[in-house]
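A note on names: the letters A, B, ... follow the listed sequences, proteins ahead of strands, and every chain is numbered from 1. Because only heavy atoms are used, hydrogens play no part in the values below, and waters and symmetry mates are left out as well, while side chains stay in.
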Amino acid sequence: MQTYRHTIAGDVITVNVPEDLDDLMQFEDWAAEASRRGPIALDTETTGLSIFSPGYRLRTVQFGDAHTAWVIHYERGGYFRTLVQNLLSVPGTRFVIHNAAFDWLVLDKHAGITLESLAPKTTDTKILAALCDPRQAKEGGTGTGLKPLSARFVDPSAPDTQGDLTSVFNSLGLTKETGWAGIRLDHPTYNLYAGLDVILTARLLPCLIAELESLGVRNVLSQYEHEIARICAVMQRRGMVLDEEYTRELDATLAAEAYEYTEKAARYGVENVNSTAQIAEALEGMGEVLRERTASGAVKVDKAVLCALADVDLQWNRLDVRKPNPLAVAVLRSKRAGKWRTTYAQRFLSMMDAGGRIHPGINTLAARTGRMSADLVQTLPSGDAMIRRAILAEEGEVFVSTDFKAVELRVLAALADVKRMKEAITAGEDLHDYTASLIYGPQFTPKHRKLSKGVGLGKVYGGGPDTLSRQTGAPIEDVRRAIAAYDRVYPEVKRASGRWQREARGSGMVYISAIGRRLPLDRDRAYAVVNYACQSTARDVLGQSMLNMEEAGLLDNCRLPIHDEMLASVPVGEAKEYAREFEKCMTFALRGVPIEAEAEIGGRSWGSLYGADF
DNA sequence: CCTCTCACG
DNA sequence: ACGTACGTGAGAGGT
């Protein structure tokens, strides 16, 4: 047995690293005893973060309580492996994990322990921490990482070992990326680090439970978040089919386009199309006047500035108000091709698993409002189907996308009890149509509706005329008229904003959402409470729908939640029936206000829902 | 590591 | 007193 001692919060703790069968039997005895006392802290060390990439390995599995950690070298196989699998399969043994979804998926994929079996036995300290304070560290919160939480609740010096391990990697000629796979399994710092993490997790649990108790956060909210985490982990494990051949062609096409326009930009003296300083200098040399500045005082050279010089709107439609500047055109095209290639095509290929699938990681509590985020696919272009075309439904299936209808506005109508909004919704009127008629009169066009949608949403979140006009492209006079009309028609919104801000000030600048979620406000932008309340409740409306989907047997079809939408893969012959089922799961009343959804049936590729013909 | 830019809801 | 859009992930440049 290798044994390490360390001090945490004044206590000497022990990290045991079993080396033979006798050591493992001691571990077994400890585990039997520890599981009777309470949940066992659990963690894994692996070769990296992309669980589904070829060659990925599970290296160690750690177990522990507040004073003792056991680092089991799973990679050695044999008894090391079977003992871990046995312990994780014992009925009734509970575990506490920090960021459980990651370890669930690692153990599911690489140790044969299904997430369906492990999730019901798990408490996730990251979820508990997010329910105490959902803010990231840079937003003024504690953050929800194990280290910052341990520093606050357990021991201020707890995070120091992290830096030690990075310097060990460096001293071995390894980096932050290669270190996890390359370091020797018996390296002392590696094992100490691995052991400390479970001890910190074990110590964090009672602190966070006490914190939640004192803040009055109900246990059902925590249980609900654990269900959502499990459901999203199932979707992440499934992943989506990548059209590899198409993606490779796309990569080549975008490379050629980027090359062509980078060359053109170079003729005007711009060596690097991503350097705003170079572009500004070259444009000014051509006689263009650049008036806009960024917050830090630099010349602003963004898409809006370049589009104006290229005589196109933000959707690249020709404006015909000036002669297009050829450098602006070249920079726009080169930057877009380059970004789309690296951020989408190449990233898809690099993240593809051995079966040709990609697995977007879902963070179920990413935003301060509780909104989820997904890596890899959250922000694929929607105006052009080229990128989404690379992602496919299952063989013999098609994509169905079911969207809520104006969910944030319906939530607002429910929360703030907005009379005319509720009447319009109940009467089956389209809220954005209604806004458009307020601004443009009954003869409004589809383009008017689109502008009105932006104005309507921006307005309720506190946007002013300038911002709303800039964001939506609607003329400023129209925006002013819309704002005046809004305040007349929906006076309850402003009143609710004031009331919610007062409530928050009375409880340490925290607004408590409809389901009891704590939403901290920034003192100097308390008006954001309207956005927080709507965004957060809309997130939980989607969360409730996801529980409904699992109940209806649709979880295996679900692929990705996207704020107000569920993307699903369904058998081509039964698409209509599935579409109705998804709509049903996303339809219910919120304080008497109907929440409704509409399914769109596409083809095999995700791009088919955005205009692609496949 | 911070800033800027750009993609989405 | 008045007015303020909100929330993400990701790549590249520059300090």
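In the model, A:N548 has a side-chain atom that pairs as donor or acceptor with a side-chain atom of A:Q544 under 3.5 Å. A:S497 and A:Q501 form a side-chain donor-acceptor contact under 3.5 Å, judged by distance and modelled atom types alone.
Residue A:K339 places its side chain closer to B:dC6 than to any other of B:dC6, C:dA12, C:dT4. Of the listed nucleotides (C:dA10, C:dG9, B:dG9), C:dA10 has the atom at the smallest distance from the side chain of A:T343. The A:D564 side chain lies nearest to B:dG9 when the options are B:dG9, C:dC6, C:dT8. Ranking C:dC6, C:dG13, B:dG9 by closeness to the A:Y532 side chain, first place goes to C:dC6. Side-chain proximity of A:H563 to C:dG11, B:dG9, C:dT4: nearest is B:dG9. Comparing atom distances between the A:W340 side chain and each of B:dA7, B:dG9, C:dC6 picks out B:dA7 as nearest.
A:Y461 places its OH atom 14 Å from the P atom of C:dT8, with the value rounded to the nearest Å. Summarising the geometry, the separation between CZ on A:R539 and P on C:dT8 is reported as 13 Å, rounded to the nearest angstrom. Residue A:Q136 contributes atom CD, which lies 16 Å from atom P of B:dC1 at whole-angstrom precision. Taking atom CG on A:L412 and atom P on C:dA5, their separation rounds to 18 Å, with Å as the unit. Taking atom CE on A:M586 and atom P on B:dG9, their separation rounds to 14 Å, with Å as the unit. Summarising the geometry, the separation between CZ on A:R341 and C1' on B:dC6 is reported as 19 Å, rounded to the nearest angstrom. Whole-Å rounding puts the A:L542 CG to B:dG9 P distance at 14 Å. Rounded to whole Å, the distance from CD on A:E408 to P on B:dG9 is 12 Å.
In this model, the phosphate group of C:dG11 is not approached by any side-chain N or O of A:T342 to a distance below 4.0 Å at OP1 or OP2. One finds no side-chain N or O of A:R336 lying less than 4.0 angstrom from the OP1 or OP2 phosphate oxygen of B:dC6. Proximity of A:Y344 to the phosphate of C:dG11: no side-chain N or O atom is located under 4.0 Å from OP1 or OP2. Distances shorter than 4.0 Å separate some side-chain N or O of A:S373 from OP1 or OP2 on C:dG9. Side-chain nitrogen and oxygen atoms of A:T467 include at least one within less than 4.0 Å of the OP1 or OP2 phosphate oxygen of C:dA5. Using a 4.0 Å cut-off, no side-chain N or O of A:R470 falls inside it from OP1 or OP2 of C:dT4. Between A:S275 and C:dG14 there is a side-chain polar atom (N or O) within less than 4.0 angstrom of OP1 or OP2.
When both pairing distances are held under 3.5 Å, B:dG9 makes a Watson-Crick or G-U pair with C:dC6.
Using a 4.0 Å heavy-atom cutoff across all strands shown, A:Q346 reaches no nucleic acid atom at all. Residue contacts for A:L376: at a heavy-atom cut-off of 4.0 Å it reaches the sugar-phosphate backbone alone, with no base atom in range. Using a 4.0 Å heavy-atom distance criterion, A:G383 is classed as a sugar-phosphate-only contact. Counting any heavy atom pair closer than 4.0 Å across all strands shown, A:R371 reaches a base atom. Among the heavy atoms of the strands lying under 4.0 Å from A:P465 are primed sugar atoms or P, OP1, OP2 only; no base atom is included. Contacts of A:K335 with the nucleic acid, taken as non-hydrogen atoms under 4.0 Å apart, involve only primed sugar atoms and P, OP1 or OP2. At a threshold of 4.0 angstrom between heavy atoms, the contacts of A:E565 with the nucleic acid are absent. Backbone-only engagement by A:L380 is indicated by non-hydrogen atom pairs under 4.0 Å involving sugar-phosphate atoms exclusively. A:K303 comes within 4.0 angstrom of sugar-phosphate atoms only, judged by non-hydrogen atoms across all strands, and of no base. No contact: A:V377 has no heavy atom under 4.0 Å from any strand.
Classified by interplanar angle (parallel below 30°, tilted 30° to 60°, perpendicular above 60°), the ring pair A:F169/A:W180 is perpendicular.
In this structure, the side chains of A:L332 and A:K303 come closer than 4.5 Å at one or more pairs of heavy atoms.
Counting only distance, with no hydrogens or angles, the side chain of A:S334 and the backbone of A:V331 share no donor-acceptor pair below 3.5 Å.
Considering NE2 of A:H563 and CZ of A:F404, their distance stands at 13.0 Å, rounded to 0.5 Å.
Residue A:H432 comes nearest to A:L409 through the heavy atom pair CE1-CD1, 3.5 Å, listed as atom of the first residue, atom of the second, then distance.
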